[in-house]
Amino acid sequence: MRPWLRAHLKRYRLPYLTGIALTFVVSGLNLVSPLISGTIVDRVIVGGEKGLLWGLLGLMIGAIVAKSLIRYGYQMLFEHVSQDTIRACREELFAKLQRMDFGYYDRTKTGDLMAHMTGDIDAIRHFIAWVVYQCLENGVVFLAAVAALFFVNWKLTLVMLAVTPFIARSTIGLSKEVKPTFSAIREQFSRLNSVVQENIAGNRVVRALAREDYEIGKFQAENEAFRQRNVESAAVWAKYIPPIEFFSGLLPVMLILAGGVMIIRGELTIGQLVTFNGLVWAINQPLRMAGWLVNDIQRYGAASDRLDRLYRLESVLDERPGAVSPAAVKGRVEFRHVSFSYGDERVLEDLSFVAESGQTIGILGPTGSGKSSIGRLLCRFYDRTSGEILLDGVDVRDYDLDCLRAQVGVTMQDVFLFSDTIEGNMAFGRPEASLEEVLRASELANAHEFAKELPEGYDTIIGERGVGLSGGQRQRVALARLLLKAPPVMILDDTTSAVDIETEERIQESIKALRGRHTMFIIAHRLSSIMHADQILVIKGGRIVERGTHEELRRLGGYYEDVFRHQTGAGALAPSEPARAEGAARG
Amino acid sequence: MARNKYDIDEDLSQEFDAKSVRRMLGYLAPHRRRVAVAVLLMIVASLVSLLGPYLFKVAIDDCIPRKDVRLLAVLAAVLVAAQAVNALCLKIRIKVMNDIGQGVVYEIRTDIFERLQKLPFSYFDSRPHGKILIRVVNYVNSLSDLLSNGIINLVTDLFSLVFTIAFMLVIDVRLTLICMAGLPVLAAAVLSLKKRQRLAWQDMSRKQSNLNAYLHEALSGAKITQSFARADENQRIFSRLGGMWRDSWLKAVANLFLIWPVIEIISVLGVCLVYVSGIVWLKGITVGILVAFIGYVWRFWTPIQTIGNFYSSLVQAAAYLERIFETIDEPAGIEDAPGALALPAAEGRVEFRDVSFSYEPGRPILRDLSFVAEPGSSTAIVGPTGAGKTTIVNLLSRFYTPDSGSILVDGRDIQGVTIESLRRQTGVMLQDSFLFAGTIMDNIRYGRLDAGDDEVIRASKAVRAHEFIESLSAGYDTAVNERGIRLSMGQRQLISFARALLADPSILILDEATSSVDTETERAIQKGLGELLKGRTSFVIAHRLSTIRNADRILFVDRGRIVEAGTHEELTAKRGAYYGLYASMRSFD
């Protein structure tokens, strides 16, 4: 048994062992009614002792009522223990997954994780609730029966046990061969999960491109493979289970043949033979069950191997011992010769800059130049490859992670909202915030206007990822979410790209009002978003190629000036119109 | 639209009833023959197993007293043969039952997945995705055992019950009737339990669904959780939902497991009744009859116990099946009209005639909207966020159906053409730039599956994606996924732009296609766009003036109406709403 499972199971040792003890009581009680039944036939019906009838029937009813109630009791005990155990495992894994680094999430499919957290965990539940006690029960019954038979006649017992090596061989064969098939089933289950999950998440793209048939084809392939894996697994049972059944079925044969011969030779009495015959099921049944139990054990083994992988996960961002967690930071940010590679791609190269507390830093640059990575490194979603990132003069790696992220907030380009109410989404970072505070943040983000118009206002539930809202509305909810939390350092990554210009202007006003109190990084393509910044960095190919204020950069006549000229209409597209007459569209 | 979130139990629109059972059995119908084979094999096997006690009796009564070792050996040989037959039956049965079970699961899952492909956006928008996922994958899985082993055991048990009753009737009618007196009591007990069991399992499946929905969202949104340092709060929610599932599960099994004590207690009372009546009350029952009859009484109750077993898995499965059937029966909302024809290769004339639309009654999004876009023309749709711009193009692709009015492509009402043919010709580049797990090449090719590599590359060159793709270490073979950061938002947009373009539609809709793309790249795309749009009717939703200004026609939409329409020059000269927008851009300096 895996250490993680054992640790949880240990806490329920008492109820679990009680349950197992009760199963033995029930096995004992199982013998009672055939015994009474036999006695009634022998003594009451054949022997004519009618006076015994009522007592015997009362005994039988009592035994069965007791048995069925005890059985109900231990079944519930096992259910309790197994539910509590898997709940503990699930919560432990959930806690672990919640703290995995972003790199892990970049590599891992949600569908895979869902398969782990549902199917694999259920296999553990089945193991605890059923397999363990079945093994014990069958084992004890088998050993008890063998001991009893040895006592009656050891020779015949040995003869009968002659079949066990064959059964053992098949069981071992099954055990070895079936495990890979279960692993294959579990893996295929993951793939199936991922295909369906992706199809649901990407349903808009599928519809837009009329790719339904293609998706069905893709799904069918995984669905068919899943069926195949199951059929393959069944083929292994079909190979080993029948021989096990056959050899255990030989027990009565051995009994008749060897027992008969021994009686003829005078080594055994008929009474002893009948005793053997009465106990043959107690040997037979466990041996037949052995195959199926091994099967279930291996099913559990395959699932727990997979869960092991989750348990072994280590976030690459593990905190250093003695991490600091100040209540509030001033917000001075410094990058010293920072480089960052993602896989084998160099994203940032030797980046150095300082943002004094309360300053606004604008960041501009081509698509894919590494702008967003600056924020990600500052929040420690990833770790820089070399150099130093300091917050208030302390390396970000020396902060307690939760504390760091409480101090540095970011709105991400890819807006993720939860299927919750608008209010719930805005209060995500501060669940205890009052409605007034939520409304204030919403107004700052210019979300109030549309939010109050929704059918149920702030109580309107929005779909997963906020799919019911337009792109601009989503961005504003995400912005309100950050503004409500209002950490000392804020990174606004392309926060208003899908917002119309008038709204964007109002949002800029709100953001300007925060200057001086919060250190802000604004990443944008629209110059109107960043032109008032204290310092503007132009990032190209992972390096800072230009830096300065709006005026300085315009005078420089480089990338910034070029973008400016284009956005104010002086670019190549509208040579006919005078630059001054143009508004500042965004690119 | 009633929306659902992780901690709201789902309503059930479809109850499990006799019709659902028939429907479930319908999935077995194609496997009729194999079911029959499996049942037959089980009967053979159980007959063979009856041989053992009989041979044992022969051995004790005949062979041993006569010291006949040869006969003993013959008996043993017969038994060995019987066991071999039994093992063979078992081998075939394992295979057959598994084939059936997996086959049925495969078909149900296919049905539910195919239905999902027909469901409208609103279905996916109005509930957590985890709740949909669990129906397709987990719920269906839990049916396989019921549909193979469960049903075959049921049939076999019914057979053996009938046989047993027949034997009992032959022995003594009165005793048989007394023995069966327990059955109505059992039926009454089961019926009185049924409702509670059903409700408890339904509740369990809801709680399970809630937990899964939350888990799914928490995993998809793990990055947001971390950036807001909210893991502890999430852990509390997860724990609360997990606790609710655990409680509902325990309550459900507590109800379900009651069936066993009930059957056992009724059965022992029934057996006692037979003893008492046979021995004390009834006259004319001989010892032989009684002994023989009692041998069958227990056998009578064994199949009933296994039928009880089937019943309890049916109760569990019902809670899942009703969800599955509910999904399969979910109205598609938008379907091909009867007799719909494929839209022939479109020239691309688009007309909206008095189109009104609302997502929810009483909240109109579009009001009596009319306009015409000539083939090959470009139309820019501008207006404040939430004005209904995206809705207009969504209606054109028939993602939704207008409440009134009609939309025509080349003079044909789009309600009368097949959805597939319409969407193939109306390429939409969505705001949501979703990428599938796979290579960049695969993702672009998703637009047109038979496109060659060179065509893919041409499309990416056209949208200026080629350069950055080439700069990646694995180029077009770089693996990407749903929301990984390997690509920036702007790069994702370029890829989905290339994907839409590769589909080569005659009507191209660009909804914020390049909002996260930098100015330089955007300018480069603009330069090439003229070429790309040649011969295509295009609709562009954008906030960028450069994109808007070049359009043949600009529609200014506000609160669901077209407020102004015309070219950039006409509209600026008019000094109306568009000019206001334009002026606000000027305040930039």
Side-chain angles (χ1 to χ4, degrees), chain A residues 45 57 64 68 72 75 79 83 87 94 98 106 110 113 193 196 200 202-203 205 208 210 212 219 227 230 234 238 242 245-246 249 252-253 256-257 260 263-264 344 366-368 402 405-406 413 416 419 429 450 461 463-464 467-468 471-472 497-498 500 502 525 528 563 573 583-585 587, chain B residues 3 5 52 59 64 67 72 76 79 83 87 90-91 94-95 98 102 106 113 117 124-125 128-129 136-137 219-221 224 228-229 231 238 242 246 253 257 261 264 268 272 384-386 420 423-424 428 431 434 468 473 484 488-491 515-519 522 545-546 584-586 588:
Chain A
I45 303 176
L57 288 184
I64 293 217
S68 56
Y72 184 77
Q75 280 180 328
E79 288 296 336
Q83 282 296 324
R87 186 178 168 203
F94 185 74
Q98 283 215 90
D106 294 341
T110 313
L113 291 178
N193 232 314
V196 177
I200 295 171
N203 74 81
V205 176
E212 289 86 352
F219 164 81
R227 165 160 75 172
N230 274 290
E245 183 86 8
F246 175 74
V253 181
I256 288 183
L257 197 60
I263 292 174
I264 292 168
D344 42 12
T367 305
D402 275 0
R405 289 175 187 165
Q413 270 186 320
F416 189 97
S419 56
F450 81 84
I461 297 174
E464 194 158 324
V467 278
S497 64
D500 64 282
E502 283 174 65
H525 293 301
S528 55
V563 171
L573 273 168
Chain B
R3 287 204 161 128
K5 65 185 192 110
I64 294 171
K67 298 192 193 289
L72 212 53
L79 257 182
Q83 284 307 326
L90 181 66
K91 192 181 180 85
I94 288 176
K95 285 195 163 166
N98 212 271
Q102 293 303 325
Y106 173 89
F113 187 85
Q117 304 314 302
F124 297 91
D125 295 355
H129 289 168
V136 185
V137 186
L219 293 174
S220 334
I224 292 295
F228 280 89
F238 186 73
R246 168 196 175 275
V253 292
F257 289 167
E264 287 196 326
V268 72
C272 289
T385 20
E420 218 230 326
R423 290 189 188 156
R424 286 221 183 274
V428 194
Q431 285 185 2
F434 184 90
F468 90 78
S473 50
S488 78
M489 194 68 177
Q491 290 171 332
S515 63
S516 294
V517 171
D518 66 285
T519 311
E522 212 261 344
L545 196 58
S546 53
S584 80
M585 297 167 176
R586 291 177 57 178
F588 172 49

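The sequence lines fix the lettering, A, B, ..., with proteins before strands; numbering per chain opens at 1.
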Chain A interface, residue from B/Cys272, B/Ala59, B/Pro384 that has the most non-hydrogen pairs under 4.5 Å: B/Cys272

Between A/Phe219, A/Tyr72, A/Phe246, the one whose heavy-atom pairs under 4.5 Å with chain B are most numerous: A/Phe219

Chain B contact via A/Phe94 - side chain, backbone, both or neither, heavy atoms under 4.5 Å: both

Nearest 0.5 Å, what's the CD-CZ distance between A/Gln83 and B/Arg246? 7.5 Å

Nearest heavy-atom pair of B/Lys5 and A/Ser419: which atoms, and what distance? CB-O, 2.9 Å

If you look at every heavy atom in B/Ala229 and A/Arg405, which pair is closest and at what distance? CB-CB, 4.0 Å

Considering only heavy atoms, which portion of A/Ile263 lies under 4.5 Å from any heavy atom of chain B: side chain, backbone, both, or neither? side chain

In terms of heavy-atom pairs under 4.5 Å, which option from B/Gln102, B/Arg423, B/Arg424, B/Gln117 contacts chain A the most? B/Gln117

For B/Tyr106, is it the side chain, the backbone, both or neither that has a heavy atom under 4.5 Å from a heavy atom of chain A? both

For A/Thr110 and B/Ser220 the tightest heavy-atom approach is CG2-OG, 3.9 Å

Closest contact, heavy atoms only, A/Ala234 versus B/Ile94: O-CG2, 3.7 Å

Which atom pair, heavy atoms only, marks the closest approach of B/Val517 to B/Gly490? CG2-O, 3.7 Å

Is B/Val136 close to chain A through its backbone or its side chain, or both, or neither, when contacts mean heavy atoms under 4.5 Å? side chain

How would you list, by chain and number, every residue that makes a salt bridge (charged side-chain N to carboxylate O under 4.0 Å, His left out) with B/Lys95, sequence neighbours excluded? none

Looking only at A/Gly260, A/Gly368, A/Pro252, the option with the highest number of non-hydrogen pairs under 4.5 Å against chain B is A/Gly368

Pick whichever of A/Ile200, A/Asp402, A/Asn193, A/Leu57 has the most heavy-atom pairs under 4.5 Å with chain B. A/Ile200

Heavy-atom cut-off 4.5 Å, strictly under: side chain, backbone, both or neither for B/Ala231 against chain A? both

